[in-house]
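Accompanying notes for the structure given below.
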Amino acid sequence: MIEKLLTPYNPLDAEDRIYAIWKESGFFNPDVCIEKGVTEKDAPYFSIVLPPPNVTGTLHLGSAYMLALQDIMTRFARMQAKRTLWIPGTDHAAIATQSKVEKQLQKEHGKSRHDFGREAFLHHVGTFAQESHDTIVSQMMKMGCSVDWSREAFTLDQKRNIAVKTTFKQMYDDGLIYRGYRVVNWDPKGQTTISDDEVVYEERQSVLYTFKYSPEFPIAISTTRPETKVGDTAVAVHPDDIRYKEYVGKTYDLEFCGESLSITVVADISVDPLFGTGALGVTPAHSSIDWEIAQRHNLPQKPVINEFAKMSVESPLLSGKKVLEARELVVAYLKEHDLLLKEEAVTQNVSTAERTGGIIEPLPKLQWFINVNKEFVYPHENLPHVKKGDIVTLKKLMLSVVEEKNIDILPDRFVKVYTHWIENLRDWCISRQIWYGHRIPVWYKGEEIYCGIEAPEGADWEQDSDTLDTWFSSGLWTFSTLGWPAPKGTLGETGPENDLANYHPTTILETGYDILFPWVARMILMSTYLVGAIPFKTVYLHGLVRDNKGQKISKSLGNNIDPLDMIKDYGADAVRMALIIGTGPGNDSKISLDKFKAYKHFANKIWNIARFVVTTAGPKPDVKPEITDQDYALLEEQNELVREITEEMDQYKYYLAGEKLYHYIWHRFADVIIEESKPILKDGTDVEKNSRVWTLYCILETSLTALHPFMPFITEELWSILGKKNLLMTEKWPLLR
RNA sequence: GCGCGAUUAGCUCAGUUGGUUAGAGCAUCUCAUUUACACUGAGAGGGCCGGGGGUUCGAGUCCCUCAUCGCGCACCA
């Protein structure tokens, strides 16, 4: 064993071997810990779900950072003798995965998903997802993640499918899910609707045209999208605008670009009289604002753009033309007929689809929605600030648990961001016209509709062909992974079937601030509604990992760093430290090779400290010798350090705790304590020598223990070299010994 | 338009509730060293804590204001 110390530390050799030992031990599973007497059955629990990585490929540095943070939390809890559960899993990521596979198939076979058909296409996606999954799992192992693999979940597996269908049915029965015809965000490229928070705004240069529909029409309007104006059914003005008062209520029949339009002038307070001409051409079918105006004034809708972003009008001028082409044609028409009054350059936010980059086309469609404003009677008893029988809405539930501080968000400035977002929340469009995902559990037969977990009895029922937004299933993650909807619910009994009783609410959710809305908010919605509990007590939001220039890491920028390459060059422990240190919650961080290098040196330092203690100081005495005052002081000093870092870790300040340990081990233990030990070991009295040898071992062991959550591999390796029989991963945290 | 964050040494960042002389790592420079470890040690230089104003016995820290950068939301006729 000791011979190993004489050669430099080789992370490549040690890490895989050690991970296999951990996994083999079963201690990632809290049931095994209880069974083998490592953890008390009634110990407090610590539970955390892994934000399931998308099965769209491989993990990046940001994921590695997330894994490192969560593993630190988990290992720290396990060493504090808590019943510790970290649940791993992956996310099917509906649109993201499907569009990736579609691209691949198009490239390799020149075929679209429709050429393959639903079943064959899904088979291809399944294969791709499985490969990505396997890669991700192996990356997690390389990082040292102490997750309970026996409880691994997938957002699209059988159990999660039951959870999804159960949820859908319950919300449907409660009237919280409804089917409605309205303007939605349509992605022509992905051929599906998307929700409001899957829309990304891009600033672009555009032209604002001011014109009249026809010479006889009295009011000029402004728009950046002249091609949609063939779908206008009204012009809206502010009720107090004296310029237009005389026209309000009148209807004009006119010809515009070869289309017959019937335009009614209406007064609506949503119109800003100072913008443009103060008159707004209302296009109910292609703008959600206009749709609402049309609802208020009972105006007809006239769709003029189809799902392929082409004009669907009769007019020979525009029929079948792409919207951009049609725009130019309409502008030419306006010029030709002397109707164009003004052209101004403006910067404008263009809506694009997050996953495909397609320009969003607002279209009226029949879709499924979750009603966030509908009042219902709250059926659960366990929320502290919402009582059974209270009238609530999903929005109110989402707001109250955060406002009442049942859930803490770190850093707390995100509380404001969260509240603001919820307050502006509109109904959540959950249906997608893609194939990869949970199919909507609704069947149709003529006018009849059936919603259920299983298909209805009898012939001629046809299932809705749409699938659900990926966040619908992710929203259930904290409890769908713990046995819901069929938990036994026996508190204190071990085994996965009792997980919901034993491990929910989860202790902490650790994720990126960029998915506060799509994910964290949805989990709060689903958990408070379905389980009657908060999904987690604390939300720790981490920032983005950027390159050393502060740029976002992405494949297109070519600055992508593969965590596996870093692990190969520097070791997983060094990668973890480099990602963790200097990175507080909510702040983006910059990473450079120098940082990885620095912590590789640190690993080497620890290795050599152990070599010095074992070889130069000699073996640890079997019996504790008399300890000198000087050495007591050293031990007490280290104790104080451990107390400090424990407190910091309790406050989630891992970046501080890690740095302090680093500093202590290198610049105190190695540079000072070991240096001053040399003359003592050489020329000291027997009492001094024995005391110092014992003390060096104590300091080393405590250092390894405290450092274990941060650098699990090298500390475990040294622990075994020191001849310890147990695994360091289940050793008690220094303060508990 | 509304809101949030950042601004501290050449670089990356700490700096808890206001409290001695503002810290760390990396980088730079000097010196040491057949050393547990060159993946080393000792030391040095380097800061108007973004600008201005205020509160206070005392401000990097609290308040106001401006500037630059970044982000979120809304608008997007």
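Values below: all heavy atoms of this structure, side chains included; hydrogens, waters and symmetry mates excluded. So that the names make sense, note that chain A is the first sequence line, chain B the second, and so on, each numbered from 1.
Both distances falling under 3.5 Å, in either a Watson-Crick or a G-U wobble arrangement, place B:G5 opposite B:C69. The nucleotide B:G43 finds its pairing partner in B:C29, both defining distances of the Watson-Crick or G-U wobble pair being shorter than 3.5 Å. Base pairing of B:G60: no nucleotide in any strand meets the Watson-Crick or G-U wobble criterion (both distances under 3.5 Å). The partner of B:G23 is B:C13, judged by Watson-Crick or G-U wobble contacts that both fall below 3.5 Å. In this structure, B:U34 makes no Watson-Crick or G-U wobble pair, since no nucleotide meets both defining distances under 3.5 angstrom.
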Short N/O separations, protein against nucleotides 73-77 of chain B, under 3.5 angstrom:
from: B:C75; atom 1: N3; to: A:N349; atom 2: ND2; distance (Å): 3.4
from: B:C75; atom 1: N4; to: A:N349; atom 2: ND2; distance (Å): 2.2
from: B:C76; atom 1: O2; to: A:N349; atom 2: N; distance (Å): 3.1
from: B:C76; atom 1: O2; to: A:N349; atom 2: O; distance (Å): 2.8
from: B:C76; atom 1: N4; to: A:Y201; atom 2: OH; distance (Å): 3.2
from: B:A77; atom 1: OP2; to: A:T224; atom 2: OG1; distance (Å): 3.3
from: B:A77; atom 1: O2'; to: A:S222; atom 2: O; distance (Å): 2.7
from: B:A77; atom 1: N6; to: A:D272; atom 2: N; distance (Å): 3.2
from: B:A77; atom 1: N1; to: A:D272; atom 2: N; distance (Å): 3.3
from: B:A77; atom 1: N1; to: A:D272; atom 2: O; distance (Å): 3.4

With the criterion being N/O to N/O and under 3.5 Å, what pairs connect the protein with nucleotides 8-13 of chain B, and how long is each?
from: B:U12; atom 1: OP1; to: A:K590; atom 2: NZ; distance (Å): 3.2

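Checking each of A:E716, A:E701, A:E717 against A:K724 for a salt bridge (charged side-chain N to carboxylate O under 4.0 Å, His left out) leaves exactly one that passes, namely A:E701. Between A:Y213 and the choices A:Y333, A:Y252, A:F256, the ring-ring contact (aromatic ring centres under 6.0 Å, His included) rule is met once, by A:F256.
Between the NE2 atom of A:H601 and the C1' atom of B:C39 there is a distance of 4 Å, given to the nearest Å. Counting to the nearest Å, the P atom of B:C39 and the OH atom of A:Y662 are 15 Å from each other. Spacing between atom OH of A:Y570 and atom C1' of B:C26 amounts to 14 Å, rounded to whole angstrom units. Here B:A36 presents its P atom at 17 Å from CD1 of A:I673, a figure rounded to the nearest Å. Per the geometry, CG belonging to A:L641 stands 15 Å off C1' belonging to B:A24, to the nearest Å. Computed from coordinates, the A:F612 CZ to B:G41 C1' distance equals 14 Å when rounded to whole Å. Look at CG on A:L516: it is 18 Å from P on B:C71, rounded to the nearest Å. Summarising the geometry, the separation between OH on A:Y513 and P on B:G70 is reported as 13 Å, rounded to the nearest angstrom.
For B:A36, one of the phosphate oxygens OP1 or OP2 lies less than 4.0 angstrom from a side-chain nitrogen or oxygen of A:K678. OP1 and OP2 of B:C39 both lie 4.0 Å or more from every side-chain N or O belonging to A:K600.
Atom C1' of B:G70 sits at a distance of 30 Å from the matching atom of B:A77, rounded to the whole Å. Going from the P atom of B:C63 to that of B:G25 covers 32 Å, rounded to whole Å. Rounded to the nearest Å, the gap between the P atom of B:C48 and that of B:A67 is 24 Å. On the P atoms, B:G46 is 30 Å away from B:C39, given to the nearest whole Å. Comparing the P positions of B:C62 and B:A6 gives a spacing of 10 Å, expressed to the nearest Å. The separation of B:U16 from B:G54, taken at their P atoms, amounts to 25 Å, rounded to a whole angstrom. B:G53 and B:U12 have their P atoms separated by 29 Å, with the value rounded to a whole Å. One C1' atom belongs to B:C49, the other to B:U40, and the distance between them is 34 Å to the nearest Å.
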Side-chain donor-acceptor pairs of residues 411-418 of chain A under 3.5 Å, sequence neighbours excluded:
from: A:R413; atom 1: NH2; to: A:G586; atom 2: O; distance (Å): 3.4
from: A:R413; atom 1: NH2; to: A:N587; atom 2: OD1; distance (Å): 3.4
from: A:Y418; atom 1: OH; to: A:M398; atom 2: O; distance (Å): 2.8

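Of the candidates B:G25, B:C26, B:C39, the closest approach to any side-chain atom of A:H663 belongs to B:G25. Here B:G3 is the nucleotide among B:A14, B:G3, B:C39 with the atom lying nearest to any side-chain atom of A:K416. Taking the side chain of A:K605 as heavy atoms from C-beta on, and the options B:A36, B:C39, B:G25, the nearest nucleotide is B:A36. Relative to the side chain of A:N608, the nucleotides B:C26, B:C39, B:A36 differ in distance, and B:A36 lies closest. Of the candidate nucleotides B:G25, B:C4, B:A36, B:C4 has the atom nearest to the side chain of A:R413. Nearest nucleotide to the A:D671 side chain, out of B:G15, B:G41, B:G25: B:G41.
Residues A:A670 and A:H667 each lie close to RNA chain B; by heavy-atom proximity, the contact nearer the 5' end of the strand is made by A:H667.
Taking the six-membered ring where tryptophan is involved, the planes of A:W519 and A:W471 are tilted, since the angle between them lies from 30° to 60°. Taking the six-membered ring for Trp and thresholds of 30 and 60 degrees, A:Y599 and A:F602 have ring planes more than 60 degrees apart, a perpendicular arrangement. Ring orientation note: the planes of A:Y540 and A:Y654 are tilted relative to one another, at an angle of 30° to 60°.
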Please walk me through it: do A:E648 and A:K653 pass salt bridge (Lys or Arg N to Asp or Glu O under 4.0 Å)? CA-CA 5 Å; A:E648 279 160 0; A:K653 293 179 179 171; over 6 Å; no
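The residues A:D13 and A:K4 are annotated as not salt-bridged, no charged nitrogen and carboxylate oxygen being separated by less than 4.0 angstrom.
A donor and an acceptor atom, one from each side chain of A:D469 and A:W428, are located under 3.5 Å apart. Looking at A:E510 and A:H542, their side chains do bring a donor and an acceptor atom within 3.5 Å of each other. Residues A:S195 and A:E198 bring a donor and an acceptor atom of their side chains to less than 3.5 Å of each other.
No contact: A:A236 has no heavy atom under 4.0 Å from any strand. A:L656 comes within 4.0 angstrom of sugar-phosphate atoms only, judged by non-hydrogen atoms across all strands, and of no base. Contacts of A:Q651 with the nucleic acid, taken as non-hydrogen atoms under 4.0 Å apart, are absent.
Listed for the A:T352 side chain is a donor-acceptor partner under 3.5 Å among the backbone atoms of A:V200.
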